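Single-structure report; data block below.
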2 protein chains.
Amino acid sequence: MTPTTPLEASGARTATAQVHEAIKQRILDGAYRPLEFVREAAVARELEVSRTPVREALRELVSEGWLEAIPHQGARVAEWTEKDAREVFELRLVLEPMAVGLACRHIDADTLAHLDDLASRMEALTESPLDGAGHSELASLNHEFHRLLIQASDNQRLAQILESVVRTSIIRRNFASYDRSALKRSMQHHREMLIAIGAGNAAWAENVMRAHLLAARVLHVTVDTSTATSSPP
Amino acid sequence: MTPTTPLEASGARTATAQVHEAIKQRILDGAYRPLEFVREAAVARELEVSRTPVREALRELVSEGWLEAIPHQGARVAEWTEKDAREVFELRLVLEPMAVGLACRHIDADTLAHLDDLASRMEALTESPLDGAGHSELASLNHEFHRLLIQASDNQRLAQILESVVRTSIIRRNFASYDRSALKRSMQHHREMLIAIGAGNAAWAENVMRAHLLAARVLHVTVDTSTATSSPP
DNA sequence: ATCTCTTACATTGCATACAATCGTAAGAGT
DNA sequence: ACTCTTACGATTGTATGCAATGTAAGAGAT
């Protein structure tokens, strides 16, 4: 029915990995709505593979939190509630500062230079007014900045947890709602974090990260600011 | 060859779930050694199912961190290194205090009473010298105590992350190496945490948890105490 | 009219057969 | 003796057919 990219040029080699990517993309695109069931047979038909790789891809997506499985009934797109947003934010507010704190002790000059470059490119983008593509580019650079910082923590588990936690929420987040001053402040946070890390000052870097995240939250959801957790004075 | 419980009375209903449990148990028992490959065909033969549910169980175990997958080569038991121990401890040291802090705001009387009961039973156990069974019982109660506390945080993601992070490390941890004073201190920490939670004092509860974890670590691994992270004064 | 039981259908769960891929060891050539 | 090639065997990856299970619609009874 829907001619929606039947597997074609996907970097992945196994059919399971391709189906995995395809379904994830459809969720991100909104082609599959929350609470909608993703049927094995239907996906298999549309992507022109058998049900086996579809089954395996669905199980992976379930364990990654994209879908929820109901025994003998199938897998459906996980719903995104206010509570989910709160949970993810609580976790980021603790884990990302932890990551930059650890990064202070492990980071190498190359990574720091790469981060510096990313920060510069983001700053350059914010010099002029942004269109849709600009917002998209900025979001992409920002995501890469955070990802690289997290990798520098030298804690694989932490990196994996944050990746999966952030990824599921990144869909609904962009810079469209940022006004000029909020954007500049965000860029300054990045810059300040790099300086703190370069100075090996973990506490400084951690607190800038907390400020960075809290400032961003104000723009996205209504917050009870008294519920902040584990924040040192 | 090895008559190792061919599926029989396992609470789970689907074959996949049963295989999942069986393999996990064998890893815990040490029947599968680190870096040893778990072959689909072999497991299928021994548990008297087809390869299909075995494949699905293996994939789940991979995503839970018990096994690591190598494309076209199979899944093998994940190795446990010093670095793994360090990573898990760093995470616990941040996430478990976060959990008790959150629990301070959400906990109900029933849960608190249940925790109180668990603490009492552990204290009773430590009154008399412990044999092997005693240590096992104590470890079980302790695990349940922490698990319940984490659930009370009312953050499903946090609970799931901690469960999977702690579970993989719990294998090599028990109370055999605890001397009398260390045991009593551990029990006092539990008690103090409950009092802090009952008083709604999150900072107090969080810091007792950090002390609890740090005290436990001294008994298990050699530590560079300067690497503690995100610890408020 | 409402409730319960029956029955048919859609969908997942499992088994088996076949194809693709990788590691390895034997063998030819240098 | 060493290296490169190549064919084989073992193992995973994929397809398809059948069984088990849950859902929902409809007939019958209260």
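Chain letters run A, B, ... following the sequence lines, proteins first and then strands; every chain starts at 1. Just so it is clear, the structure is predicted and the values come from calculations on it, not from any experiment.
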Exercise for the section: Look at the aromatic rings of B/His146 and B/His190 and report parallel, tilted or perpendicular, splitting at 30° and 60°. Expected result: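 Geometry flag for B/His190 against B/His146: perpendicular rings.
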
Practice task
Quick one: list whatever passes ring pair (Phe, Tyr, Trp, His ring centres under 6.0 Å) with B/Tyr32, sequence neighbours left out.
Solution key: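 With sequence neighbours excluded, B/Tyr32 shows a ring pair (Phe, Tyr, Trp, His ring centres under 6.0 Å) to no residue whatsoever.
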
Problem - Residues which pass ring pair (Phe, Tyr, Trp, His ring centres under 6.0 Å) with A/His20, listed by chain and number, not counting sequence neighbours - result: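 Residues passing ring pair (Phe, Tyr, Trp, His ring centres under 6.0 Å) with A/His20: none at all.
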
Exercise for the section: With sequence neighbours excluded, give me every salt bridge (charged side-chain N to carboxylate O under 4.0 Å, His left out) pair touching residues 145-154 of chain A. Expected result: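 Salt bridge (charged side-chain N to carboxylate O under 4.0 Å, His left out) check on residues 145-154 of chain A returns A/Glu144-A/Arg147, A/Asp154-B/Lys83, A/Asp154-B/Arg86.
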
Handout entry: Nearest atoms (heavy-atom pairs only) where B/Arg39 meets B/Gln73
Key = NH1-O, 2.8 Å

Exercise for the section: Work out which heavy atom in A/Ala75 is nearest to a heavy atom in A/Val62; give both atom names and the distance. Expected result: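 Minimum heavy-atom contact is CB-CG2, 4.3 Å.
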
Practice task
Look only at the side chain of A/Arg105 and the backbone of A/Gly101, and say whether a donor-acceptor pair between them is shorter than 3.5 Å.
Solution key: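 Looks like yes, one N/O pair under 3.5 Å.
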
Problem - Polar side-chain atom of B/Ser120 near backbone of B/Asp116 as donor-acceptor pair, under 3.5 Å - result: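 A pair under 3.5 Å: yes.
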
Handout entry: 5'-to-3' dot-bracket of DNA chain D (Watson-Crick, G-U; under 3.5 angstrom; crossing pairs as [ ]; | other strand)
Key = ||||||||||||||||||||||||||||||

Handout entry: Contact check, side chains of B/Leu162 and B/Glu96, non-hydrogen atoms, under 4.5 Å
Key = yes

Practice task
Check whether more than 12 heavy atoms from other residues, nucleotides or ligands sit under 6.0 Å from atom CD of B/Glu36, and answer yes or no.
Solution key: yes

Problem - First and last nucleotide of DNA chain C, 5' to 3', lying under 4.0 Å from heavy atoms of chain A - result: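 First and last nucleotides in contact are C/dT11 to C/dG13.
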
Would you list the protein and nucleotides 13-16 of chain D atom pairs, both N or O, that sit under 3.5 Å from each other?
residue	atom	partner	partner atom	Å
D/dG13	OP1	B/His72	N	3.4
D/dG13	OP2	B/Arg55	NH1	3.2
D/dG13	OP2	B/Arg55	NH2	3.3
D/dG13	N7	B/Arg51	NH2	3.0
D/dG13	O6	B/Arg51	NH1	3.1
D/dT14	OP1	A/Ala15	N	2.4
D/dT14	OP2	A/Thr16	OG1	2.9
D/dA15	OP2	A/Ser50	N	2.7
D/dA15	OP2	A/Ser50	OG	2.8
D/dA15	O5'	A/Ser50	OG	3.4
D/dA15	N7	A/Thr52	OG1	2.8
D/dT16	O4	A/Thr52	OG1	3.3

